[in-house]
Amino acid sequence: MSYNFKQSEEKWQKMWRETGAFRAEFSGDKPKYYLLEMFPYPSGKIHMGHVRNYTIGDVAARFKLTQGFNVLHPMGFDAFGQPAENAAIKNKTKPDTWTHKCIEEMKRELQKMGFSYDWERQVSTCDADYYKWNQWIFLKMFERGLAYKKASNVNWCPACLTTLANEEVIDGGCWRCHTKIEQKDLEQWYLKITEYKERLLEDLLLLKDWPERVLAMQSNWIGRSQGVEIYFRTKDNSKAIPVFTTRADTIFGATYIVLAPEHPFVKELIRGKPEEKEALKFIDKVAKESKVVRSSSDVKKEGIFTGSYAVNPVNNETIPIWLADYVLMDYGTGAIMAVPTHDQRDFLFAKEHGLPMRIVIQPSDSSHQLPAEELKEAYEGDGIQVNSGQFDGLPNQEAKVKIAEWMEKESIGKIETHWRLRDWLISRQRYWGTPIPVIYCVKCGTVPVPYKDLPVELPEDAPFTGEGGSPLSKVKEFVNTNCPKCGSSARRETDTMATFFDSSWYFLRFCSPRFFDGPFNENDAKLWMPVDQYIGGIEHAILHLLYSRFFTKFFKDLGMLNFSAEGGCACGAEEPFKRLLTQGMVLKDGEVMSKSRGNIVDPDSIIKNYGADTLRLFILFAAPPETELEWDERGIEGANKFLNRVWRIRENLKETADPELIRILHRSIKKVTEDFEGFKFNTAIATLMELTNAVYSFGADKEVFGKLIILLSPIAPHFCEELWVSLGNKSSIIKAGWPQYDPAQLVEDVITLVIQVNGKVRSKIDIPADMEESQLKELVYRDEKLKQWLQDKPVKNFILVPKKLVNLVI
RNA sequence: GCGGACGUGGCGGAAUGGCAGACGCGCGAGGCUUAGGACCUCGUGGGGAAACUCAUGGGGGUUCAAAUCCCUCCGUCCGCACCA
């Protein structure tokens, strides 16, 4: 009788649900394991990316569960966001109705995969009992000055009609719809993530089990650079222009300075100068260019003289002040000192505009020692200081430090650290998000909503026209309110929060999802946190992970988090995710599966034709978790074939197993266990296939077969449950306990010793594993096959790698 | 430009200094079968009749021994970037 996956999968899913098989209850007698996969946006349908992400997580969770860990494996929905509003416009449904319908559909699909979630802990960020705590957290931040409002030039997506955080702008376009972003001046709410920049950077060192590349991306994003802020006085001594440089060693070669056209000093610098008219024209032209155009490289660097001069404070030289489009107002001080000999951009600019240059660093390699006029490009390497006054003759790296210190002493500069990280813009002019809990009163100004009045609920109805402005601002009953301080009529904030706010702490909510007195129960968080293993896509390497780290540090500062470093966690109480795995994408014909490419394979159709277990098996076997996975229909067939092969073992069980098979079994237990720990599912499956092949050669008994299916059960859970009961077991395979290997069974009495001559394999001999070296040596020298290789040449060296090989060097 | 990952059969991939190509797909041969695209067994990197020999992007190095470590060049993917 062949395996009926359809019947079996339905049966076991029902069984797990009814027995609460995956309910997480903390008990002190078992070690905890918090396994989390990034929760999805409820689009209604799962795609292969979800299947891959959640299958990886599920195998890990089931493995830990079978091993006897106390596993927390929750799932929820990141349910606020724009698609719900778009659906509302298109289908005339309410975002709330639409979203909840999608959540139900998606949940059904996830359940069909047999994932071991504790559904009793499900949360949806769009429910008031969740977003109430977003508001609570916002107020806590507001109290501490970490949430503030400011007018500024913001990124604006003209398609989504809302603002975007810097992090949400990708290649000058909107991260969601790729529309080219515009700049707009608006009053917006920000979170002061920059307050945490040092900790966010330094603590990356604690994250030993994160992928290198994610750490590099975060570090890059925070972007610390150390240098000196130098003050250049104008010739008429009316202003001091601060300039930031990481190359204090080149200061004596600064032959002009360049300001961003929007620099606040510019107007005054050009006033009344002959160059004024041309300069204004230039400023106007640059202002019209969007950031995208301006920052695209290979565009020629344009600039213009201001007519004013400054003084280089280290040598009192008078140098011209220029404006150029390549100097950006939002990095550093918006002004640079130009050293054309040692910076390629400055070099090109100086050549273009005929500006002076002077070499201040000579390379030790004499080939580069040219007069400044003959330079073909800037010399950006290390060397010895020249033309640098008292610092001449010093290696430039040493001079860099000495010059900085000297400038600080002379009060012409200040050693400073600059950061790329900006505060996080969270205001969105959308309906389907958490209302920002703030009230504007004519008398009292900006007043936070009192905690007792939370949540500020989203009104059920709002007009969705798709035209600009926040839909909430058109709901009178929402906007009009009374000031909590003075009682006079007031107006509510109509912006909502960016959805990244919601996902920055959901992992804490899962610890106590029905807690009413705060975002999470501190005791429960202490028990479960940190997340032992987090799994998700690389696309969240910066935004979501950085924000979550920020929130965790904030909670810690509120004194709400005190999870311990037990269980080998080196990251203390500040880092939410101990170990991170970023899974690769699923490709079809070498391209990412996507609707627009039309190359989507619907998981549901695979489940219908082959069952969830076959899909799970294939997706794990086809590639290691971190790498891209090429979808291959024939691979699905192969996975199915393997399960059927295992299924048929049942029909031919023997009374006792061959001792050789038992040895292979124990080796397999060791290998599979280690591979599961290391998330090497593809090789774990290869091992299980080898074990299955061995069963076919030797014939298995019930004992061996039982262990084989326990090893397979995290990957193909329904299938293995079915086999497990067919062996006469009464309880679920989850309770079977993870097989232990017997070290004695791993010991081999006879080993095959490889014999190399000069590093090439020339012979092999079978010898007892514990043979002494002298005896072994004698045996090797007597080997017939070696004669032609050794001839009579003397053996210079005899290298023995115990139990593996010998190498004779002649 | 800076930072990161990577490059192995026809394909997905294995091997983290010690027998290159585990396991699977595909392909070939045989068996079973009325038949099969089901199942079972065997074979399957290149060259060579064979003994052997050549092979892990190219070149160089370290080592008794290198896919693995180091240098260099080439290429692919990802992140950041007129970042001062």
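Just so you know, these numbers use all the heavy atoms, side chains as well, and skip hydrogens, waters and symmetry mates. Chain letters run A, B, ... following the sequence lines, proteins first and then strands; every chain starts at 1.
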*Asks:* Nearest to the side chain of A/Arg634, which nucleotide is it out of B/rG3, B/rA84, B/rG26?
*Replies:* B/rG26

*Asks:* What do you reckon, are the aromatic ring centroids of A/Phe681 and A/Phe621 less than 6.0 Å apart?
*Replies:* no

*Asks:* If you check the A/Val809 side chain, which of B/rC64, B/rC40, B/rA84 turns out closest?
*Replies:* B/rC64

*Asks:* In this structure, is the centre-to-centre distance between the rings of A/Phe618 and A/Trp631 below 6.0 Å?
*Replies:* yes

*Asks:* Which is true for A/Pro624 with a 4.0 Å heavy-atom rule: it touches a base, it touches only sugar-phosphate, or it touches nothing?
*Replies:* sugar-phosphate

*Asks:* Return the pairing partner of B/rG17 with a 3.5 Å limit on both distances, Watson-Crick or G-U wobble; otherwise return none.
*Replies:* none

*Asks:* Counting only Watson-Crick pairs (N1-N3 plus N6-O4 or O6-N4) and G-U wobbles (N1-O2, O6-N3), all under 3.5 Å, who is the partner of B/rU34?
*Replies:* none

*Asks:* Would you tell me if any nitrogen or oxygen in the side chain of A/Lys641 comes within less than 4.0 Å of OP1 or OP2 on B/rC25?
*Replies:* yes

*Asks:* Among B/rG4, B/rG3, B/rA84, which is the nearest nucleotide to the side chain of A/Glu212?
*Replies:* B/rG4

*Asks:* For the aromatic rings, using the six-membered ring if either is Trp, is the centroid distance between A/Trp424 and A/Phe500 under 6.0 Å?
*Replies:* no

*Asks:* Could you identify the nucleotide paired to B/rC6, looking across every strand shown and requiring Watson-Crick or G-U wobble geometry with both distances under 3.5 Å?
*Replies:* B/rG75

*Asks:* Measure the distance from NE2 on A/His353 to C1' on B/rC82 and round it to the nearest whole Å.
*Replies:* 13 Å

*Asks:* Do A/Asp209 and A/Tyr534 get their side chains close enough for a donor-acceptor pair, meaning under 3.5 Å?
*Replies:* no

*Asks:* Sort out the partner of B/rC27 for me: Watson-Crick or G-U wobble, both distances under 3.5 Å, none otherwise.
*Replies:* B/rG43

*Asks:* Given that both distances must come in under 3.5 Å, which nucleotide forms a Watson-Crick or G-U wobble pair with B/rC69?
*Replies:* B/rG61

*Asks:* Look at all strands and tell whether A/Glu690 reaches a base, only sugar-phosphate, or nothing, counting heavy atoms closer than 4.0 Å.
*Replies:* sugar-phosphate

*Asks:* Rounded off to whole Å, could you give me the CD-to-P distance for the A/Glu674 and B/rA14 pair?
*Replies:* 17 Å

*Asks:* Examine distances only and state if a side-chain atom of A/Arg420 and a backbone atom of A/Trp221 form a donor-acceptor pair shorter than 3.5 Å.
*Replies:* yes

*Asks:* Considering every strand and a 4.0 Å limit on heavy-atom distances, what is the contact class for A/Arg762: base, sugar-phosphate, or nothing?
*Replies:* sugar-phosphate

*Asks:* Could you pick out which residue, A/Thr246 or A/Val214, lies toward the 5' side of RNA chain B when each is mapped onto its nearest nucleotide?
*Replies:* A/Val214

*Asks:* Is there a side-chain contact between A/Arg213 and the phosphate of B/rC6, meaning an N or O under 4.0 Å from OP1 or OP2?
*Replies:* no

*Asks:* Where the side chain of A/Asn807 is defined as all heavy atoms beyond and including C-beta, which of B/rC40, B/rA65, B/rG12 is the nearest nucleotide?
*Replies:* B/rA65

*Asks:* Of the nucleotides B/rC40, B/rC25, B/rG4, which has the atom closest to the A/Tyr696 side chain?
*Replies:* B/rC40

*Asks:* Here's a test of your reading of the structure: between A/Asn693 and A/Arg420, which maps to the more 5' nucleotide of RNA chain B?
*Replies:* A/Asn693

*Asks:* What's A/Gln344 touching, base or sugar-phosphate or nothing? Going by heavy atoms closer than 4.0 Å.
*Replies:* nothing

*Asks:* Would you kindly check whether a donor in the side chain of A/Asn797 faces an acceptor in the base of B/rC64, or vice versa, at under 3.5 angstrom?
*Replies:* no

*Asks:* Would you say the side chain of A/Lys796 and the base of B/rC64 hold a donor-acceptor pair, judged only by whether the two atoms sit under 3.5 Å apart?
*Replies:* no

*Asks:* Return the nearest nucleotide to the side chain of A/Ser225; candidates are B/rA84, B/rA22, B/rG24.
*Replies:* B/rA84

*Asks:* May I have the distance from A/Met217 (atom CE) to B/rC2 (atom C1'), rounded to whole angstrom?
*Replies:* 15 Å

*Asks:* Reckon A/Arg645 has a side-chain N or O less than 4.0 Å from the OP1 or OP2 of B/rC40?
*Replies:* yes

*Asks:* Rounded off to whole Å, could you give me the NZ-to-C1' distance for the A/Lys760 and B/rA55 pair?
*Replies:* 11 Å

*Asks:* Taking syn as within 90° of 0 and anti otherwise, name the glycosidic form of B/rG9.
*Replies:* syn

*Asks:* Can you identify which nucleotide, out of B/rC64, B/rG24, B/rA22, has its nearest atom closest to the A/Thr683 side chain?
*Replies:* B/rA22

*Asks:* Among B/rG3, B/rG18, B/rA84, which is the nearest nucleotide to the side chain of A/Val801?
*Replies:* B/rG18

*Asks:* Taking only side-chain N and O atoms of A/Asn682, does any of them lie within less than 4.0 angstrom of OP1 or OP2 on B/rC23?
*Replies:* no

*Asks:* Any base atoms under 4.0 Å from A/Val761, or only sugar-phosphate, or nothing? Heavy atoms, all strands.
*Replies:* sugar-phosphate

*Asks:* Give, for atom CG of A/Asp423 and atom OG1 of A/Thr194, the distance between the pair rounded to the nearest 0.5 Å.
*Replies:* 3.5 Å

*Asks:* Could you work out which one of B/rC80, B/rG4, B/rC54 sits closest to the side chain of A/Asn220?
*Replies:* B/rC80

*Asks:* In terms of side-chain heavy atoms of A/Lys764, which of B/rC19, B/rC83, B/rC80 is nearest?
*Replies:* B/rC19

*Asks:* Would you confirm whether A/Arg422, through its side chain, and A/Asp330, through its main-chain N or O, come within 3.5 Å as a donor-acceptor pair?
*Replies:* yes

